[in-house]
Student: 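Structure in structure tokens, see below.
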Amino acid sequence: MTVIARFEVRHSQFLDEHGEIAAPLPEFARDPQNLIALYRWMVLMRAYDAKAIALQRTGQLGTFASLLGQEAVNAGVGSAMAEDDVFLMTYRENGVQMMRGVTIKELFLYWGGDERGSAFLTPRRDFPICITIAAHVTHAVGAAYAMKLRREPRVAVCALGDGATSKGDFHEGLNAAGAWTLPVVFVVTNNQWAISVPRGTQSAARTLAQKAIAAGIEGLQVDGNDVIAVRHAMDQALAKARGGGGPTLIEALTYRLSDHTTADDATRYRNPDEVAEAWKNEPLQRLRTHLTACGAWDKGKEDALLKHCNEKVQAAAQAYLDIPAPAPEQIFDHLYATLPAALQKQRAEALGE
Amino acid sequence: MTVIARFEVRHSQFLDEHGEIAAPLPEFARDPQNLIALYRWMVLMRAYDAKAIALQRTGQLGTFASLLGQEAVNAGVGSAMAEDDVFLMTYRENGVQMMRGVTIKELFLYWGGDERGSAFLTPRRDFPICITIAAHVTHAVGAAYAMKLRREPRVAVCALGDGATSKGDFHEGLNAAGAWTLPVVFVVTNNQWAISVPRGTQSAARTLAQKAIAAGIEGLQVDGNDVIAVRHAMDQALAKARGGGGPTLIEALTYRLSDHTTADDATRYRNPDEVAEAWKNEPLQRLRTHLTACGAWDKGKEDALLKHCNEKVQAAAQAYLDIPAPAPEQIFDHLYATLPAALQKQRAEALGE
Amino acid sequence: MAQITLVEAVNLALKREMGNDPSVVVLGQDVGIDGGVFRATLGLIERFGRERVIDTPLAEALIAGMSIGMAVEGLKPVAEIQFAGFAYTTLDQMLNHAGRMRHRTQGRLSCPMVLRTPCGAGIHAPEHHSESPEAMFAQIPGIRVVYPSSPRRAYGLLLAAIRDPDPVVFLEPTRLYRLFKEEVEDDGNAFALDTCFTVRDGTDVTLVSWGAMVHDTLAAADDLIEQGIAAEVIDVATLKPLDMDTILASVARTGRCVIVSEAARTCSFASEIAASLAEEGLLTLLAPVQRITGYDVVVPLPRLEKHYLPSKRRIIGAAKKALEFS
Amino acid sequence: MAQITLVEAVNLALKREMGNDPSVVVLGQDVGIDGGVFRATLGLIERFGRERVIDTPLAEALIAGMSIGMAVEGLKPVAEIQFAGFAYTTLDQMLNHAGRMRHRTQGRLSCPMVLRTPCGAGIHAPEHHSESPEAMFAQIPGIRVVYPSSPRRAYGLLLAAIRDPDPVVFLEPTRLYRLFKEEVEDDGNAFALDTCFTVRDGTDVTLVSWGAMVHDTLAAADDLIEQGIAAEVIDVATLKPLDMDTILASVARTGRCVIVSEAARTCSFASEIAASLAEEGLLTLLAPVQRITGYDVVVPLPRLEKHYLPSKRRIIGAAKKALEFS
Ligand SMILES: Cc1ncc(C[n+]2csc(CCOP(=O)(O)OP(=O)(O)O)c2C)c(N)n1
Ligand SMILES: Cc1ncc(C[n+]2csc(CCOP(=O)(O)OP(=O)(O)O)c2C)c(N)n1
Ligand SMILES: [Mg+2]
Ligand SMILES: [Mg+2]
């Protein structure tokens with residue numbers, strides 16, 4: 001027996017769960033102002049999330065998937081990407097979407113069951129939310145292929161969950177991205193649960209980062225509650241991709257603090273102690289501790305920020321609620337570039353109703 | 001950055017391409033009679049293969065996929081399996097099928113485009129040849145699950161090609177087999193080509209064995225032209241599976257010496273030098289050299305064996321050609337346990353023709 | 001006898017058959033401790049254990065493919081696909097393998113599996129959660145497609161599906177899961193898998209439907225009778241193989257037929273029935289057949305889905321139009 | 001003008017459009033140096049390079065999914081699925097994503113891709129190599145389905161498919177790939193994507209077909225004329241959206257219609273046309289519509305496939321039967 005290949009999976013963390021510095025900070029994180037910018041986004045995400053749930057509970061929004069606990073992954077990814085990169089996402093990346101220019105009103109529209117919520121113009125080329133798990137991994141490969149073919153210094157960033165790594169499309173896409181050395185970054189947000197299925201039931205793989213080995217690409221794990229670690233890994237992966245170095249898979253370890261969606265009741269299958277434990281590890285507190293320790297943050301700033309975020313979210317909610325319902329015939333709009341004759345008849349049928 | 005997981009891929013070989021012993025032989029291989037038994041099967045496979053191609057070229061058989069060069073993989077797998085294990089295969093494992101009791105006549109029937117070729121009763125529970133690449137990987141998982149549930153000491157063995165490792169079903173099945181620690185052995189016959197697509201185009205992974213890492217299961221590489229290495233790896237993997245140790249992926253390195261099928265012309269895309277080089281490495285010669293060196297084989301035995309195999313194959317071909325054509329209405333047979341009324345009408349329609 | 005909902009009837013049939021037959025296993029996403037996102041598998045894991053009530057990794061092709069492997073190896077898997085919108089990745093396995101296993105091996109092997117999935121719109125669900133894929137499955141030779149529309153039929157047909165020696169796709173209308181209750185006796189009696197249910201007798205027009213739309217169709221029939229029009233209502237329920245005889249016999253009496261289904265129209269199961277009428281029932285038809293179906297558009301998100309689903313008004317309009325011919 | 005085969009016409013259109021438009025790329029298994037297993041992509045890699053003529057890993061869902069990603073990002077991918085039997089794994093991507101991209105984003109993004117695949121039986125191919133999946137694709141809202149039956153139509157329709165701003169599934173009849181040649185001018189002219197072709201005029205009966213069966217249908221029409229029966233033959237070619245007007249107009253003249261297709265009958269495209277006739281053409285029908293199709297069985301292996309494919313005799317029989325009504 002000869003050893004013919006060796007692999008390692010590394011883990012990175014800069015701020016530990018107590019907000020203490022665990023490793024020398026990367027350049028960008030040495031300026032607290034940069035971290036404050038990230039923190040502000042994370043607080044806005046949390047305010048948005050709370051509002052969305054409140055709207056849903058009062059019958060003013062459809063089923064909603066909370067990103068509670070995953071703010072650091074969102075902020076790390078959203079802040080690292082360039083404007084003309086392309087983002088391909090699941091339903092739990094609304095935070096990244098905001099940072100890229102999707103308005104909160106549009107996000108509410110989406111969850112309100114209105115197609116206009118995916119019609120956002122900024123970011124112009126980002127894909128719509130992908131509900132069918134992992135299907136968008138192959139879309140990311142295609143988008144990245146187009147960028148590479150045209151010699152553009154752009155990157156496709158594809159976010160997915162731990163559950164998604166079990167799906168064939170994930171593997172097919174990852175493998176192809178490796179085969180063509182494409183400019184794509186896969187971010188696996190390992191929040192430990194896929195609805196009621198815990199990470200350990202999903203796969204015997206010790207880490208999800210090691211899924212990259214099958215595709216012959218680089219995989220690494222980061223503390224997904226440490227926004228610095230996420231951002232740093234993204235910076236490196238994006239730079240590598242832009243430089244022709246090919247794909248990277250980043251497993252971001254975090255925790256889904258909420259129910260799967262508002263239609264779910266996680267107490268049915270999840271130990272409350274585990275959730276309580278996870279709360280100690282949540283990403284906002286740790287960053288706030290660090291910023292406070294740096295002298296860059298205090299209670300006054302915190303209160304002002306919370307107020308600002310709540311107002312912003314409230315205004316967006318109102319704007320959303322004020323939008324008139326779409327016209328019934330919108331179900332025929334944009335189905336094709338030009339509505340075929342056969343469908344014009346059906347449209348008339350529908351209007352005749 | 002902390003290293004949180006390390007992996008290795010190992011390669012094993014006992015007989016090198018010159019027939020020299022490269023590593024201490026495992027127990028079974030120390031008795032030349034055991035190796036002669038394997039050799040006899042390999043020679044029969046080659047005779048069968050040549051006859052099948054001859055029949056196809058003369059219009060007496062449909063498209064045929066040759067196993068030329070892959071005899072050692074076939075013999076290693078076929079000899080290691082227990083009778084009541086279950087084999088799930090592609091079109092290039094006719095050698096294993098023979099060893100498990102499928103008659104050569106039945107194999108010709110299959111390639112002759114006759115469903116009766118998959119109606120073999122021995123081995124009773126083996127699956128039919130799977131043409132849709134990698135779909136049977138998930139079947140193997142289901143079969144292995146059933147065995148485990150019933151506490152049977154049986155194993156599902158699933159053979160597939162290098163190309164098949166790019167497919168989603170492969171990944172979904174491998175991952176699930178790992179998650180449930182199922183009694184299944186995956187044999188990836190890496191013959192370097194998937195029709196015209198070379199192994200390197202298929203994936204950036206350095207080895208195909210490392211695909212196992214993504215599923216958290218053991219993966220190893222063997223010299224697939226060394227029947228001892230294949231057999232030994234199979235013995236170990238089967239024992240492990242039977243003992244509750246879960247799945248193994250074995251990558252068997254070999255070479256497709258033939259065209260992809262009789263419908264293919266490999267000279268269009270493949271360098272003849274590469275093929276000539278591969279011939280030096282083919283599995284029969286090396287085993288013969290070793291057996292001869294052991295004093296267990298000679299020209300007389302070889303000639304007798306060739307004659308025997310050719311006669312056997314010839315007789316099977318004749319038996320195949322003598323079988324009357326199936327009745328037209330067979331297209332309705334066994335579609336359901338009992339033909340539904342709606343289909344009885346269609347059957348009558350067909351008979352009325 | 002208890003009054004139970006359709007989803008409870010599904011649960012009851014699963015419990016019954018898992019108790020009867022140790023080879024029955026249930027698998028899918030969240031079918032274990034969560035009891036399935038709709039609670040169809042509630043309580044099964046407690047009663048039958050983790051080995052027979054299997055939470056799978058997130059992979060639908062796997063779920064279908066491993067069900068095939070299990071079935072060939074002698075188990076009777078009942079797989080759940082969480083929503084029909086995620087069932088399209090199972091089509092390859094169902095068509096290329098499940099439906100062929102018996103024929104391909106000329107009876108040596110078989111594939112007694114059930115693929116259950118919730119179907120249909122009208123529950124304000126997110127995208128991909130309101131699909132009606134019955135026609136895709138109905139195209140597949142060698143399989144059966146069943147689509148109950150009441151608790152009692154769900155119970156009797158699911159028992160039949162599990163006991164059937166061939167693969168069955170079992171579609172469950174989410175809109176009806178909890179809409180109403182019915183008395184269901186847990187008597188273990190299975191229904192036939194190839195007979196339509198005439199759920200209301202009438203002489204003027206035949207209304208044919210299945211799944212959730214059966215209820216809108218019955219509601220339309222209620223309104224019609226007040227207007228002096230007696231509609232016969234057929235719940236197809238066992239879509240494939242199709243019991244066309246019951247439909248033809250009804251249309252022979254009424255001379256008029258409206259087919260009501262929420263799936264998009266093109267190549268739908270409504271088209272199949274209309275085609276069979278054009279072929280075998282033409283001489284008895286007094287008016288054109290009408291398909292009142294979903295439009296050939298993407299099933300809309302919640303805000304517009306009611307404009308997509310055939311309304312009672314459309315059904316009534318079609319029935320009246322049919323009666324204008326003489 | 002050259003006499004070329006259907007597969008050569010496909011190749012010609014690909015060459016033409018790759019030359020015209022640098023955003024067109026071709027991808028699939030063995031489409032590169034091998035030129036595709038049927039040689040449809042022959043010579044493309046030499047002319048346009050490995051970056052635009054892409055040998056993919058062995059993964060059909062990937063091929064469809066990455067085509068979507070490419071199309072959204074501004075390329076015009078023309079993907080080849082090696083045989084239609086391996087295209088079922090693309091349905092999820094085509095239905096859940098390709099057909100929805102434009103609507104879902106309300107016009108912000110679009111998906112101008114072509115998914116080509118050889119279809120149909122009759123070439124004595126192994127299992128899964130003789131499938132006719134047109135109805136599955138035709139069910140999908142937001143996409144087009146095209147199925148040419150001659151070199152000229154293959155050329156003009158493929159150009160149209162590539163230029164179309166929406167996803168098109170382009171089905172190619174393997175049985176016709178090399179069966180006959182036709183003069184095809186490489187003039188870059190695309191055909192309309194929503195108009196049937198009336199390939200033979202007649203007054204007694206309308207025969208409707210597509211794909212390889214158009215030729216058996218024409219052969220039947222040849223025989224029929226000798227028996228004094230003038231059949232009109234329509235090649236549907238652009239299946240979705242369907243140009244039902246041409247068919248209805250013909251049936252209004254002849255009063256009789258036989259639909260010929262090799263796909264299994266249930267929920268087939270033949271059913272769709274028959275259903276539309278029952279709905280919109282009933283008053284002009286003088287005889288029941290007949291579907292002469294494949295049976296609802298697994299497409300047989302080579303030895304029995306001829307018993308599955310609709311024969312000329314069956315077509316002629318159906319036409320005559322239609323004429324027995326008066
Ligand atoms: C293909 C597919 N199957 C099933 C579902 C239903 N479903 C929605 S979310 C989910 C779990 C996803 O888990 P994970 O990938 O870990 O993402 P998370 O929800 O934790 O962010 C499932 C099974 C789906 N949307 N798509
Ligand atoms: C799903 C699917 N896609 C495409 C094909 C067509 N096809 C048949 S064999 C083959 C290559 C398979 O390569 P590999 O897995 O390496 O097996 P080998 O032929 O080398 O034994 C392809 C693409 C198929 N049979 N199934
Ligand atoms: Mg998760
Ligand atoms: Mg190979």
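Within every chain, numbering begins at 1; the chains are lettered A, B, ... in the order of the sequence lines, protein sequences first and strands thereafter. Since the model is a prediction, treat every value here as computed from it, not as a measurement.
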Student: Please find the pair of heavy atoms, one from A214(A) and one from A205(B), that lie closest to each other, and give the distance.
Tutor: O-CB, 3.4 Å

Student: Could you work out all donor-acceptor pairs shorter than 3.5 Å where one atom is in chain A and the other in chain B?
Tutor:
from: T2(A); atom 1: N; to: H11(B); atom 2: O; distance (Å): 2.8
from: T2(A); atom 1: O; to: H11(B); atom 2: N; distance (Å): 2.7
from: I4(A); atom 1: N; to: V9(B); atom 2: O; distance (Å): 2.7
from: A5(A); atom 1: N; to: V9(B); atom 2: O; distance (Å): 3.4
from: A5(A); atom 1: O; to: V9(B); atom 2: N; distance (Å): 2.8
from: R6(A); atom 1: NH1; to: E8(B); atom 2: OE2; distance (Å): 2.7
from: F7(A); atom 1: N; to: F7(B); atom 2: O; distance (Å): 2.8
from: F7(A); atom 1: O; to: F7(B); atom 2: N; distance (Å): 2.8
from: E8(A); atom 1: OE2; to: R6(B); atom 2: NH1; distance (Å): 2.7
from: V9(A); atom 1: N; to: A5(B); atom 2: O; distance (Å): 2.8
from: V9(A); atom 1: O; to: I4(B); atom 2: N; distance (Å): 2.7
from: V9(A); atom 1: O; to: A5(B); atom 2: N; distance (Å): 3.4
from: H11(A); atom 1: N; to: T2(B); atom 2: O; distance (Å): 2.6
from: H11(A); atom 1: O; to: T2(B); atom 2: N; distance (Å): 2.8
from: T165(A); atom 1: O; to: H171(B); atom 2: NE2; distance (Å): 2.8
from: S166(A); atom 1: OG; to: N175(B); atom 2: ND2; distance (Å): 3.3
from: G168(A); atom 1: N; to: E172(B); atom 2: OE2; distance (Å): 2.6
from: H171(A); atom 1: NE2; to: T165(B); atom 2: O; distance (Å): 2.8
from: E172(A); atom 1: OE2; to: G168(B); atom 2: N; distance (Å): 2.6
from: N175(A); atom 1: OD1; to: S203(B); atom 2: OG; distance (Å): 2.6
from: N175(A); atom 1: OD1; to: K211(B); atom 2: NZ; distance (Å): 3.1
from: N175(A); atom 1: ND2; to: S166(B); atom 2: OG; distance (Å): 3.3
from: N175(A); atom 1: ND2; to: Q202(B); atom 2: O; distance (Å): 2.9
from: Q202(A); atom 1: O; to: N175(B); atom 2: ND2; distance (Å): 2.9
from: S203(A); atom 1: OG; to: N175(B); atom 2: OD1; distance (Å): 2.6
from: Q210(A); atom 1: NE2; to: I213(B); atom 2: O; distance (Å): 2.9
from: K211(A); atom 1: NZ; to: N175(B); atom 2: OD1; distance (Å): 3.1
from: K211(A); atom 1: NZ; to: A214(B); atom 2: O; distance (Å): 3.0
from: I213(A); atom 1: O; to: Q210(B); atom 2: NE2; distance (Å): 2.9
from: A214(A); atom 1: O; to: K211(B); atom 2: NZ; distance (Å): 2.9

Student: Can you say whether F14(B) sits under 4.5 Å from chain A via the side chain, the backbone, both, or neither, judging by heavy atoms?
Tutor: neither

Student: With chain A as the partner, which of L174(B), V3(B), I217(B) has the greatest number of non-hydrogen pairs under 4.5 Å?
Tutor: V3(B)

Student: Given that the side chain runs from C-beta out, which part of A23(A) has a heavy atom under 4.5 Å from chain B: side chain, backbone, both or neither?
Tutor: neither

Student: Restricting to non-hydrogen atoms, name the atom on A204(B) and the atom on G178(A) that form the minimum distance, rounded to 0.1 Å.
Tutor: CB-O, 3.5 Å

Student: Determine the option with the most heavy-atom pairs under 4.5 angstrom with chain A, choosing from V222(B), L220(B), I213(B).
Tutor: I213(B)

